[in-house]
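The basis for the numbers below is simple: all heavy atoms, side chains too, and nothing from hydrogens, waters or symmetry mates. Here is how names work: the chains are called A, B, and so on, in the same order as the sequence lines, proteins then strands, and each is numbered from 1.
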Number of protein chains: 2
Amino acid sequence: MDEHGTCGQHDHAHAHPHGPVRTAELVARAERLAQDLGLQFTTLRRRTLEVVAEEGRPLGAYDIAERLSVPGKRVAAVSVYRALDFLTEHGLVHRIASRNAFVPCEHGHGAGESAVFLICRSCGSVDETISAEIERSLDRTLAQAGFKPASRIVEIEGECGACQGRQGVE
Amino acid sequence: MDEHGTCGQHDHAHAHPHGPVRTAELVARAERLAQDLGLQFTTLRRRTLEVVAEEGRPLGAYDIAERLSVPGKRVAAVSVYRALDFLTEHGLVHRIASRNAFVPCEHGHGAGESAVFLICRSCGSVDETISAEIERSLDRTLAQAGFKPASRIVEIEGECGACQGRQGVE
DNA sequence: GCCCTGCCTGTTACAGTGTAACGACCGACC
DNA sequence: GGTCGGTCGTTACACTGTAACAGGCAGGGC
Ligand SMILES: [Zn+2]
Ligand SMILES: [Zn+2]
Ligand SMILES: [Zn+2]
Ligand SMILES: [Zn+2]
C-alpha cells in the first residue's frame with residue numbers, strides 16, 4: 001500500500017481517479033453555488049472540500065482536521081464539523097453513515113436525486129452512482145407504505161471490480 | 001409523550017405494535033437458531049434481545065446497558081456490544097447506521113434479502129420492509145458496475161403515515 | 001467614522017460511540 | 001484432573017459529535 005490503496009489498473013468508471021483531477025471542478029461548483037445563493041465559501045470550507053476531494057477514500061472529521069493543521073496552527077475538529085455541515089447541506093460532500101466519514105460528491109445531482117454508494121472492503125474506495133431505476137422502486141415502495149421520505153441513505157459494502165480482478169493474482 | 005412515542009390510532013402495518021407482542025416470537029426464533037447451529041443463546045443475549053424488542057424505537061447500546069442494569073449489578077456497554085454483535089450477525093436485530101442504534105428484526109428474512117428501514121423523524125419509529133423490486137434494481141445496478149455486494153444498507157428518513165395524519169390536528 | 005448585527009471561527013468542555021486487552025469463569029471433551 | 005474454546009467482567013482508551021461562549025470580521029444604517 002503506497003498511498004491511497006493499491007488501485008492502479010482498472011478501467012471501470014471509478015470514484016476518485018486519484019485526486020486533484022476533480023478538485024478544481026468541485027471548488028468551481030462551490031464558488032458558483034455560493035455566488036448564486038449569497039453564501040460564504042470561506043477559506044476553511046474551501047480547504048476542507050479540497051482535502052476531502054483529494055483523498056481517494058472516505059475521511060473522518062478528525063483526519064481532515066489533522067490534514068488541515070500545520071505546526072503552530074491547529075484546526076480543531078469542531079471547526080471541520082461546521083465546514084462539513086455547510087458542504088453536505090449543499091451537496092458538495094456526502095457523509096457515509098456506515099463509516100462516519102465523508103467523500104466528495106461526484107455528480108452534482110439535485111437534492112431530489114439520491115445517490116448509491118459502493119464501498120469496497122478491500123481498497124476502501126467509494127463509488128457514487130445514480131440510478132433512476134432504484135429511485136423509482138424506492139418511491140413506489142415508500143408510497144405504498146404511506147411514508148413521506150425526506151432523505152435516503154443507500155450504502156452497499158462489498159468488493160469493487162478492480163479488487164475482484166486482483167483476487168489471488170497479487 | 002407517555003411511553004414510547006404517541007402512536008396510537010393508525011392502522012398501517014407498523015414496526016413494533018408497542019412491545020412484548022413479538023418479543024416471545026423473536027426469542028423463540030433465537031432459541032431455535034442457536035439449537036440448530038450449536039450456538040449459545042445466553043441470558044445476556046436473551047435479555048438484550050428482549051430489551052430491544054420491547055422498545056418501540058431504536059435503542060443505543062448504552063441505553064440498553066442502562067436498562068439491563070439493576071442497582072448493585074451494572075451491565076457494561078462493552079458486554080452489550082458483544083451481545084449485539086451476536087444478535088446482528090444472526091439477523092435477530094438490525095443496526096440503524098444513521099442513528100447508531102438497534103432495532104429488532106421483524107421479518108426473519110435470510111441473509112440474502114436485505115431490508116429497507118423507514119425511520120420517522122416525528123415519532124422515531126422504525127419500520128422494516130422487504131421489497132423484491134428494490135432488491136432487483138439494486139442487483140442490476142451493482143452488476144452493471146461490476147461490484148460484488150456483501151451487505152446493503154438502505155435507510156429512509158421521513159415521516160410515517162401515522163404522523164402525517166396527525167399533522168395539524170393535534 | 002461609528003455602532004449594530006449576523007455570520008464564521010477558535011476554544012473549552014463534555015456526552016456518546018466503539019474497540020483492544022487481559023483475566024476469570026464455565027462447560028465440553030479427552 | 002487438565003485442556004480448550006467461548007462468554008463475560010473490567011479497565012482503559014480512541015474516535016465521533018455537539019453545546020456554549022467568546023473573539024473577529026464584514027456590511028449596513030446612522
Ligand atoms: Zn453526490
Ligand atoms: Zn476495491
Ligand atoms: Zn430483519
Ligand atoms: Zn411517525
Any sub-3.5 Å donor-acceptor pair from [X]'s side-chain atoms to [Y]'s backbone N or O?
X       : Y       : answer
E128(A) : H107(A) : no
Q164(B) : E159(B) : yes
R45(A)  : Q40(A)  : yes
E157(A) : P149(B) : no

Which nucleotide, [options], lies nearest any side-chain atom of [X]?
X       : options                   : answer
Q40(A)  : dG6(D), dC7(C), dT9(C)    : dC7(C)
Y62(A)  : dT7(D), dT16(D), dT9(C)   : dT16(D)
F102(A) : dG17(D), dG18(C), dT9(C)  : dG17(D)
S79(A)  : dT10(D), dT11(C), dT17(C) : dT11(C)
V78(A)  : dT11(C), dT7(D), dT9(C)   : dT11(C)

Take the protein atom [atom1] of [X] and the nucleotide atom [atom2] of [N], then report the distance between them rounded to whole Å.
X      : N       : atom1 : atom2 : value
R99(A) : dG18(C) : CZ    : P     : 14 Å
R45(A) : dG10(C) : CZ    : C1'   : 15 Å
R74(A) : dT9(C)  : CZ    : C1'   : 15 Å
I64(B) : dG18(C) : CD1   : C1'   : 13 Å
E89(B) : dG6(D)  : CD    : C1'   : 13 Å
L44(B) : dG6(D)  : CG    : P     : 18 Å
R82(B) : dT19(C) : CZ    : C1'   : 10 Å
D63(B) : dA15(C) : CG    : P     : 15 Å

Practice task
For Y81(A) and for K73(B), locate the closest nucleotide of DNA chain D by heavy-atom distance; then report the residue assigned to the nucleotide nearer the 5' terminus.
Solution key: K73(B)
Practice task
Please figure out whether F86(B) or A76(B) has its closest DNA chain D nucleotide nearer the 5' end.
Solution key: F86(B)
Handout entry: Phosphate OP1/OP2 of dG17(D): any N100(A) side-chain N/O under 4.0 Å
Key = yes
Handout entry: Pair H94(A) + H109(A): ring centers closer than 6.0 Å
Key = yes
